Amino acid sequence: MGSSSLNDMEKLIRQRREFIPRGIFNMTPLIISEAKGARVKDITGREYIDFAGGIGVLNVGHCPTELVEAIRDQAGKYTHTCFHLMMHEPYIALAEKLNRIVPGNFPKKTLLANSGAEAVENGVKIARYFTKRPGVIAFDGGYHGRTLLALSLTGKVKPYKLGFGPFAPEVYRIPYAYCYRCPLRIEYPSCDLGCVDYMKEVFRVHAPPQEIAALVVEPVLGEGGIVVPPKGYLEKLRGICSEEGIIFIADEVQTGMGRTGRMFACQHLGLEPDILIMGKSLAGGLPLSAVTGRGDIMDAPHVGGLGGTFSGNPLACRAAMEVIKIIEDNALAPRALEIGRKVVDGFRGFQENYPIIGDVRWLGAMIGLELVRDRKTKEPATKETRQIIKSCCERGLLITRSGTFSNVLRTLMPLVITDEEIDEGLSILDEVLREIRI
Ligand SMILES: Cc1ncc(COP(=O)(O)O)c(C=O)c1O
């Protein structure tokens, strides 16, 4: 595609403002023309290194040839059947594959949906049906999507929940192990994971365990600021769930598909969730999500109780099969660990030079840089984070943010990024950090 002018870009941005609601946030003012691997071009012909990966959707990179071919091939056969009306092989093949690769040494079944939020909703529906209990436990700082129940489970007011209540009932919230800003003001490891014991407070004060169907947890908080819990945390949560018959749902929408150095983050701990939720990178950018879980739980709802018009779209299923093959054939999960090490080396160097960097957290290629105005008070550098993202974009680096204070620079780069591209991105960020004034 040829380059358009700056005027075309400005015109499109004006039209965007006119035709599309302002509530849909835009992190950058860019309009894309094409992308490949970890590089993106806008319609003026400017190139960018991509450290954002469509917010964790492009683990196999932009437009890998095999993926594009698979989608083209499927588009030439049939694009939609509605699985309720007519079954198709790509859905069945993908379910079989996910049942095999999702951790858990027990028979599994898989339901497909369209978005992470929809998959989370289905996971909870199924857990409620199976347990015949109403309650759900979710976490401060957790993020699960924008539909009513997913938003009710989400623990971040601005921009997600503000003004959108009332929320779904029977959601009970506990703190996440955000040790840099421990909500209980205690310290790991002497805290003995007091934040997990908070669950017992819920049982004492809000709802007994016999009324809790599920606990929905991200193995690493993504939107919540790349919060990697300490050793023992998820295992302890899992233990309480097993004791109390609560369905342990791992929301791996952001951590899954090789991002953290294993196909699924739970595998780092040998953790076997009852239900595991996938989305984002699952189909390489086509809308698809999945709920894979213990066969007996997944089979609980009656015939006709689950599904949807587009759920398990054949194009998206073919894409997902190809994505999984690319991750496996190219060892992208181990590559995520290498990427993580390299980027974190760079980030630690920044931390020595720039006082704005309060904390560096990571699991594989899911990396967060928490920015503070003062290392002692930890006052969040929210405004500065916004400025850094803007300046990076102006110099050719796409990077995003997260955190309940929106002060964490977050990298979710494609796992096909080269070392040279990482260096290029890091040197842009270095320049920007050098110039930022608190
Ligand atoms: C952990 C997690 N769960 C669920 C979702 C919601 O996914 P979607 O935006 O596809 O509804 C997200 C999206 O960022 C996520 O990070």
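Order of appearance sets the numbers: ligands from 1, and atoms from 1 within every ligand. Please read all numbers here as calculations on a predicted model, not as lab measurements.
Using a 3.5 Å distance cut-off with no hydrogens or angles, the side chains of Glu252 and Thr255 do pair a donor with an acceptor.
For the pair His88 and Gln74, the minimum side-chain heavy-atom distance is 4.5 Å or more.
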Would Glu338 and Arg335 count as a salt bridge (Lys or Arg N to Asp or Glu O under 4.0 Å) here? Give the steps. CA-CA 5 Å; Glu338 285 173 14; Arg335 173 65 185 152; 2.9 Å; yes

Could you walk me through whether Ile212 and Tyr172 pass side chain to side chain contact (heavy atoms under 4.5 Å, CB included), step by step? CA-CA 9 Å; Ile212 305 293; Tyr172 303 98; 3.8 Å; yes

I'd like a table of the close N/O pairs between ligand 1 and the protein (anything under 3.5 Å), one pair per line with both atom names and the distance.
{"residue": "ligand 1", "atom": "3 (N)", "partner": "Tyr143", "partner atom": "O", "Å": "3.4"}
{"residue": "ligand 1", "atom": "3 (N)", "partner": "Asp251", "partner atom": "OD1", "Å": "3.2"}
{"residue": "ligand 1", "atom": "3 (N)", "partner": "Asp251", "partner atom": "OD2", "Å": "2.6"}
{"residue": "ligand 1", "atom": "10 (O)", "partner": "Gly116", "partner atom": "N", "Å": "2.8"}
{"residue": "ligand 1", "atom": "11 (O)", "partner": "Gly116", "partner atom": "N", "Å": "3.4"}
{"residue": "ligand 1", "atom": "11 (O)", "partner": "Ala117", "partner atom": "N", "Å": "2.8"}
{"residue": "ligand 1", "atom": "14 (O)", "partner": "Lys280", "partner atom": "NZ", "Å": "3.0"}
{"residue": "ligand 1", "atom": "16 (O)", "partner": "Gln254", "partner atom": "NE2", "Å": "2.8"}

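Using a cutoff of 4.0 Å between basic side-chain nitrogens and carboxylate oxygens, Glu322 and Lys325 are not scored as salt-bridged.
Not counting sequence neighbours, the partners of Thr260 by the side-chain hydrogen bond (donor to acceptor under 3.5 Å, both in side chains) test are His268.
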